[in-house]
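This report refers to the structure that appears directly beneath it.
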Amino acid sequence: MTVNRKAVPWIILGAAAVVAILAWKPTVLIYGVQRAGLYASVAIPMALVLGIVHIVNLAHGEIMMVSAYLTYNIARSIGLDPWLALLPVALVMGIMGYFIFQLTIRHTLKAPELNQLILTFGIAITMTQAISLIFTPQTRKLPLSYVSMSATIGETSFGVYDFVYVAIALLMGFGIKWFLSNTRMGKAAVAVGQNPRGAAIVGIDVMKTYVFIFTVSVILVGMTGSVFMTRQSIFPYVGSPYTMKSFSLVAMAGIGSISGIIYSSLLLGIAEAAINGIRGASGWSGIVFFLIIIIVIAVRAYKGRKL
Amino acid sequence: MKKPANYIFPLALIFAGGLLPVFLGAYPQAVARSVFTFMALAISWDMLLRSGQISFGIAGFFGLGSYTAIILSVRAGVAPVVAMLSAAAFAALVAFLLGFLVLRLRSTYFSITTLALGEIFKVIIHNWSSFTGGPEGLVLPQVVFGGKSSSLYWLSYAILLFAVGASVLFEKSKMHFSLTAIRNNEIAARTSGINIFANLLIAFTASSLIQGLVGGVHVMSYGFAMPDTAFDANYTLLPLAMALLGGIHSTWGPIIGALLLGVISEYLKLMIPYGHLLVYGLIIILVILFMPRGIYGLIKKERSKRNG
């Protein structure tokens with residue numbers, strides 16, 4: 001394994017931080033990693049659609065919310081376990097993603113980027129409002145016994161169920177990386193992202209690639225939504241912060257980088273958990289995310305990298 | 001120069017708007033005030049949009065203005081006028097300073113960062129309880145003008161006219177050409193000798209000043225501020241939909257859009273308590289797909305067709 005020389009100080013710094021946190025409060029590290037898993041499993045589908053084929057989708061978190069509601073209702077009405085409902089939900093989400101693309105986003109691909117931004121913002125509002133209209137803003141939660149599983153190491157005991165997010169994030173991350181470099185469609189997607197006209201000239205069906213990638217990202221974030229529902233309470237606005245957080249993570253990781261998402265999520269997840277771990281400061285944890293994001297984006301902008 | 005006839009219609013409209021409280025009851029006046037509030041916000045959003053930058057931070061600066069005004073009134077006991085002007089000044093100052101950071105970003109990055117800034121303001125106010133009242137918020141001992149409906153109407157009308165004036169100034173001055181050039185092609189604008197950053201900074205500061213002022217006036221006439229109401233996402237969403245429907249890159253567009261949507265949403269709110277904003281989402285989608293120039297854009301097109 002070759003290690004980039006520039007990365008060495010960062011690795012040392014990271015290791016030092018991990019040791020310091022372990023000495024202070026080991027649970028912070030555990031909850032931080034779990035939180036990072038959740039962030040990454042929402043952000044990776046966005047990295048695919050925004051980072052690879054450059055479609056801005058501000059309804060990303062809302063799509064996750066819709067999927068969570070769908071799963072909730074299937075589980076409630078026919079008593080299916082959410083994990084078993086995952087597949088039918090994914091199918092429905094795929095159909096939904098296909099139609100969202102064909103009916104709306106397709107028509108803004110050639111328009112100025114602002115149109116896409118505002119359009120998907122409109123889709124996001126339509127989704128939260130439609131769900132509020134149908135299900136009211138009331139908070140909903142499914143009583144599942146297995147989500148409160150816990151483990152004890154030494155004197156610290158902690159919930160283990162949230163590690164599923166870490167597994168999902170890693171699966172998705174490696175899966176997408178493999179897909180992009182080993183399949184025909186994956187390579188086509190990278191080409192379309194780099195230059196749609198060039199890709200069309202060499203015989204790639206550009207529109208088909210866009211449809212495929214967008215639909216896959218909706219399916220993936222929909223599946224995350226189903227899992228999300230098993231653990232968290234859901235309400236119509238539950239997805240909105242995740243749109244912003246995913247977007248920030250993609251920006252932080254660098255457009256097009258999938259592994260960057262994992263590192264950025266780890267940094268932010270652990271930082272948030274650390275603030276939560278300080279007594280009386282937990283209210284401030286919401287700010288950590290935005291501060292780090294603004295610093296990272298600003299530093300990149302100053303370095304003159306194109307954003 | 002334009003013909004004098006072109007000024008008669010707007011002047012008559014301004015005059016008619018000022019006379020309304022004589023004919024209207026308290027409830028229509030309250031509706032009109034809320035329409036004016038959103039109209040001023042929509043105009044301020046459009047002023048920055050003309051440079052091609054989409055801000056999602058309207059609610060952020062609105063809330064910042066609200067809290068500046070109410071904190072000054074409650075903690076320092078300053079006069080309402082001073083509180084409202086300070087709200088505008090503080091929002092403008094914050095925008096000016098943050099401008100050095102965020103105005104280097106473009107397109108989606110700019111939009112998301114402005115959204116994040118609003119969230120940061122909200123988290124700070126939420127947590128700094130000893131100063132800002134925390135999640136419970138602050139309450140004014142007395143609203144401005146003793147809550148007299150017609151005075152409040154004229155106050156919000158004056159603020160609206162200020163926003164319209166600023167927007168018209170932007171439209172008629174050299175700023176207009178600079179901002180349009182930046183929107184169309186930044187590199188070409190730079191080569192033509194336009195100072196891009198300075199122009200963006202002026203537009204960002206001016207639009208935030210209006211948003212802060214509107215927030216300050218709003219809080220002084222309603223008498224309370226809580227983080228969840230002062231930074232309500234609707235203060236970003238509604239003006240955006242209004243400006244889009246009416247027609248972006250103009251002063252008339254946001255005015256038309258705010259009148260239409262403001263009155264419609266008032267009725268929908270009474271009929272559907274949850275989810276009445278669905279209409280806003282659908283309007284945004286439909287306008288972008290089928291009518292990207294908005295209603296005013298259609299009117300302009302018709303007019304130029306008729307004139308040959």
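Treat the numbers as computed from the prediction; the structure is a model and nothing was measured. All chains are named by letter (A, B, ...) in the order of the sequence lines, taking the proteins before the strands, and each is independently numbered beginning at 1.
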Atom [atom1] of [X]: over 12 foreign heavy atoms under 6.0 Å:
| X | atom1 | value |
| --- | --- | --- |
| A:F135 | CZ | yes |
| A:K208 | NZ | no |
| B:F197 | CZ | yes |
| B:F90 | CZ | no |
| B:L97 | CG | yes |

Problem set entry | Minimum side-chain heavy-atom gap A:W284-B:I124 below 4.5 Å | yes
Problem set entry | Sub-4.5 Å side-chain heavy-atom contact between B:F56 and A:L58 |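 Counting from C-beta outward, B:F56 and A:L58 do come under 4.5 Å.
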Please identify, among [options], the residue contributing the most non-hydrogen atom pairs under 4.5 Å to chain B.
| options | value |
| --- | --- |
| A:I123, A:T136, A:T120 | A:I123 |
| A:T128, A:L133, A:V56 | A:L133 |
| A:S132, A:A124, A:P137, A:S240 | A:P137 |

Part of [X] lying under 4.5 Å from any heavy atom of chain A:
| X | result |
| --- | --- |
| B:L240 | side chain |
| B:L244 | side chain |
| B:I284 | side chain |

To the nearest 0.5 Å, what is the distance between [atom1] on [X] and [atom2] on [Y]?
| X | Y | atom1 | atom2 | answer |
| --- | --- | --- | --- | --- |
| A:T108 | B:I288 | OG1 | CD1 | 8.5 Å |
| B:L115 | A:M244 | CG | CE | 4.5 Å |
| B:L286 | A:T104 | CG | OG1 | 10.5 Å |
| B:L278 | A:M127 | CG | CE | 11.5 Å |
| B:I120 | A:L291 | CD1 | CG | 4.5 Å |
| B:L289 | A:H107 | CG | NE2 | 6.5 Å |

Exercise. Between B:S111 and A:L117, which heavy-atom pair has the shortest distance, and what is it?
Worked result: OG-CD2, 3.2 Å
